[in-house]
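Worksheet for the structure shown next.
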Amino acid sequence: MDIINEIRKEFETRFGAEGDIRTYFAPGRVNLIGEYTDYNGGHVFPCALTMGNYAVARKRDDDKVRWFNLNYSDNGVIETSIRGLKPNDHGLWYDYQLGVIWAYGEKGYDIPSGYDMVMKGDLPAGAGLSASASIEELAAVIIRDLFSIDISMPDCAVLGQYSENNYNGMNCGIMDQFASAMGKKGNAIFLDTAKLEYEHVPLNMKNEKIVITNSKVKHSLAGSAYNDRRKESESALKYIQIVKNVETLGDLNEAEFEEVKDAIKDPVALRRGRHAVLENQRTIKAVDALKKGDLNTFGVLMKESHLSLRDDYEVSCEELDILAEEAWKIDGVIGSRMTGGGFGGCTVSIVKEDTVEEFKKRIADAYLKKTGKNCEFYIADAADGAGRIQ
Ligand code: GLA
């Protein structure tokens, strides 16, 4: 049974088949290049995935919500009021939905009532493919549609980030929510995170596939280290602002960074700042190369991105390094790097179609040999963003 039928059936059994029941989907994302640039005023280049979270929902005529998630059926039905919500950092699936309800209120939108909902996702858990942003955007589009709220999709992305920052206590940037909200089939999104200006860029890969490799590890420091990195790059910016008038690290190119870098007196902040500046420049160059059909340059920049994330931003880990290094050895791999927040999760690789099977075999064998663990592969198809589907 496909997911849509499954959640519909579950909904009817739990909450009844009557009334206006609607179906929604919000995708996860994979980032091709532009990592840890989003809160530094730089560019990112993610695409939405065909994997994500699905929901069926029906509005109620009181302030209650009743929610059930088939991925977490042990939680049972979550039943609560949409009024009087208090931020917390529990990070459970329903906290991301409640956060969005809260954020709508904070931003001055009136949500007239609650809703019943059953959801299920097909994103691998804890893999860094933005399961939480997908849940936020799912909530954003359910509420937008059920209550005819006049909010644009880019603003739904901003709302999701706002709720994750202020309700769930995670200081993420805008990339994941924007990718989930604004995806377009066959395209990646070239987003300037400082101005929130974006462009859909076709992934004209006729003979290549985007392969995601899941390391199946998630190191426990991920959440706190994420917020630490943000502080450290803000510190780099503050040092630079003593000698140069800039608003974000994304305002600087390589040469400008060389001129000001001695002002950064803390060596950790220097490395974080260097990554943010150079990664942004790499992203601009990579998109330019892709538009010209020069995938090889894109691949070289992916490798540089990984090395910089490993050495300067220090968000990789042994497992991700093994996956990337093994991929670089294979003819037919155009580029490979860790993707997303790091400390585990996935790599993204561009692989010639006729090499994909060899890629999977060689990577799986090498990874098992070196780590004793099994990895998992997904072929990424760039998909449309969040919305109502039935
Ligand atoms: C996580 C965050 C994003 C972004 C990436 C790193 O996915 O949610 O905002 O910072 O890490 O590029």
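Between F359 and F377, the ring-plane angle classifies as perpendicular under the 30° and 60° cut-offs.
Of all non-hydrogen atoms in V100 and S163, the two that sit nearest each other are CG2-OG, 3.6 Å. Across all non-hydrogen atoms, the minimal contact from G42 to T193 is O-OG1, 2.6 Å. Residues V30 and A380 approach most closely at CG1-CB, 4.4 Å, considering heavy atoms. Nearest approach of S113 to R60, heavy atoms of both residues: OG-O, 2.7 Å. The heavy-atom pair separating G121 from N71 by the smallest distance is N-OD1, 2.6 Å. P87 and N166 make their closest contact through CB-O, 3.6 Å (heavy atoms, listed as atom of the first residue, atom of the second, distance).
With respect to the salt-bridge test (charged N to carboxylate O, under 4.0 angstrom), the residues K9 and E6 do not qualify. With respect to R310 and E314, no salt bridge is recorded, no charged nitrogen being found less than 4.0 Å from a carboxylate O. Ion pairing between E319 and K216 fails under the 4.0 Å rule for side-chain N and carboxylate O. Ion pair K292/D288 flagged as a salt bridge, since at least one NZ, NE, NH1 or NH2 atom sits closer than 4.0 Å to an Asp/Glu carboxylate oxygen.
If you take CG on L129 and CG on D176, they are separated by 10.0 Å, rounding to the nearest 0.5 Å. Note that NZ of K352 is 7.0 Å distant from CD of E208, once rounded to the nearest 0.5 Å. Between M117 atom CE and F68 atom CZ the span is 10.5 Å, to the nearest 0.5 Å. Going from atom NZ of K120 over to atom OG of S73 covers 9.0 Å, rounded to the nearest 0.5 Å. To the nearest 0.5 Å, the span separating OG on S132 from CD1 on I135 amounts to 7.0 Å. Put simply, OH on Y162 and CD on Q177 are 14.0 Å apart, with the number rounded to the nearest 0.5 Å.
Proximity of a side-chain donor or acceptor of N187 to a complementary backbone N or O of G183 within less than 3.5 Å is not detected. Under a 3.5 Å cut-off, the side chain of H200 and the backbone N or O of M182 do form a donor-acceptor pair. Here the side chain of Q281 pairs a donor or acceptor atom with the backbone of L252 at under 3.5 angstrom. Using a distance-only test at 3.5 Å, with no hydrogens or angles considered, no donor-acceptor pair links the side chain of K370 to the main chain of L323. Using a distance-only test at 3.5 Å, with no hydrogens or angles considered, a donor-acceptor pair links the side chain of R337 to the main chain of L32. Although no hydrogens or angles enter the test, the distance criterion places no donor-acceptor pair under 3.5 Å between the side chain of E164 and the main chain of Y96. One N or O on the side chain of S215 and one on the backbone of V217 form a donor-acceptor pair closer than 3.5 Å. In this structure, the side chain of T50 does not engage the main chain of A383 through any donor-acceptor pair within 3.5 Å. With N88 contributing its side chain and N168 its backbone, the two residues share no donor-acceptor pair below 3.5 Å. T371 places a side-chain N or O within 3.5 Å of a backbone atom of Y367 that can act as its donor or acceptor partner.
Looking at heavy atoms from C-beta onward, K64 lies out of side-chain contact with S81 at the 4.5 angstrom threshold. Between F11 and D116 the shortest side-chain heavy-atom distance falls below 4.5 Å. Put simply, the side chain of R22 does not reach to within 4.5 Å of the side chain of R58, judged on heavy atoms. The shortest distance between side-chain heavy atoms of I264 and I240 falls below 4.5 Å. Side-chain atoms of V56 and M119, non-hydrogen and from C-beta on, never get closer than 4.5 Å to each other. Considering only heavy atoms from C-beta on, M338 comes within 4.5 Å of V315 through its side chain. Between I78 and V65, every side-chain heavy-atom pair lies at or beyond the 4.5 Å cut-off. At least one side-chain heavy atom of Y109 sits less than 4.5 Å from a side-chain heavy atom of I151.
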Checking salt bridge (charged side-chain N to carboxylate O under 4.0 Å, His left out) for the pair E199/K291: CA distance, chi angles, key distance, verdict? CA-CA 12 Å; E199 180 191 347; K291 284 180 178 169; 2.9 Å; yes
The test is side-chain hydrogen bond (donor to acceptor under 3.5 Å, both in side chains); show your working for N31 and T339 and say whether it passes. CA-CA 6 Å; N31 189 22; T339 183; 5.2 Å; no
Go through D145 and Y24 one step at a time and tell me if the side-chain hydrogen bond (donor to acceptor under 3.5 Å, both in side chains) criterion holds. CA-CA 10 Å; D145 180 69; Y24 304 88; 2.5 Å; yes
Could you check E326 against K329 for salt bridge (charged side-chain N to carboxylate O under 4.0 Å, His left out), going step by step and ending with a plain yes or no? CA-CA 5 Å; E326 291 299 325; K329 291 181 194 163; 2.9 Å; yes
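A donor-acceptor pair shorter than 3.5 Å can be found between the side chains of N53 and S134. A donor atom on one side chain and an acceptor atom on the other are found under 3.5 Å apart for N214 and Y378. Using modelled atom types, one finds no donor on one side chain facing an acceptor on the other under 3.5 Å when comparing R282 with S305. In this structure, a donor-acceptor pair under 3.5 Å is absent between the side chains of N245 and Q241. Side-chain atoms of T80 and Y94 include no donor-acceptor pair closer than 3.5 Å.
Y54 pairs with exactly one of I7, D2, L138, L70 by the side-chain contact (heavy atoms from CB on, under 4.5 Å) rule, that one being I7. Among D38, T37, N280, T283, the single residue meeting the side-chain hydrogen bond (donor to acceptor under 3.5 Å, both in side chains) criterion with H43 is N280. With E232 as the partner, the salt bridge (charged side-chain N to carboxylate O under 4.0 Å, His left out) test is satisfied by one option alone out of K238, R272, R274: R272. For the salt bridge (charged side-chain N to carboxylate O under 4.0 Å, His left out) with E358, the lone residue among K361, K360, R362 that qualifies is R362.
Aromatic pair Y313/H275: centroids less than 6.0 angstrom apart. In this structure, F45 has its ring center no closer than 6.0 Å to that of Y198. For Y104 and F147, the distance between ring centers is not under 6.0 angstrom.
Hydrophobic clustering of Ile, Leu, Val, Met, Phe, Trp and Tyr side chains at less than 4.5 Å, counting indirect connections, keeps I33 apart from W328. Put simply, F15 and Y115 are part of two different groups of oily side chains (I, L, V, M, F, W, Y) that touch within less than 4.5 Å, one to the next. V287 is connected to I334 through a chain of hydrophobic side-chain contacts under 4.5 Å among Ile, Leu, Val, Met, Phe, Trp and Tyr, so both are in one cluster. In the hydrophobic clustering of this structure, V118 does not group with W93; members are Ile, Leu, Val, Met, Phe, Trp, Tyr whose side-chain heavy atoms approach within less than 4.5 Å, directly or through other members. One hydrophobic cluster holds both Y239 and L249 under the rule that ILVMFWY side chains link at heavy-atom gaps under 4.5 Å.
No more than 12 heavy atoms of other residues, nucleotides or ligands shown are found within 6.0 angstrom of CD on E247.
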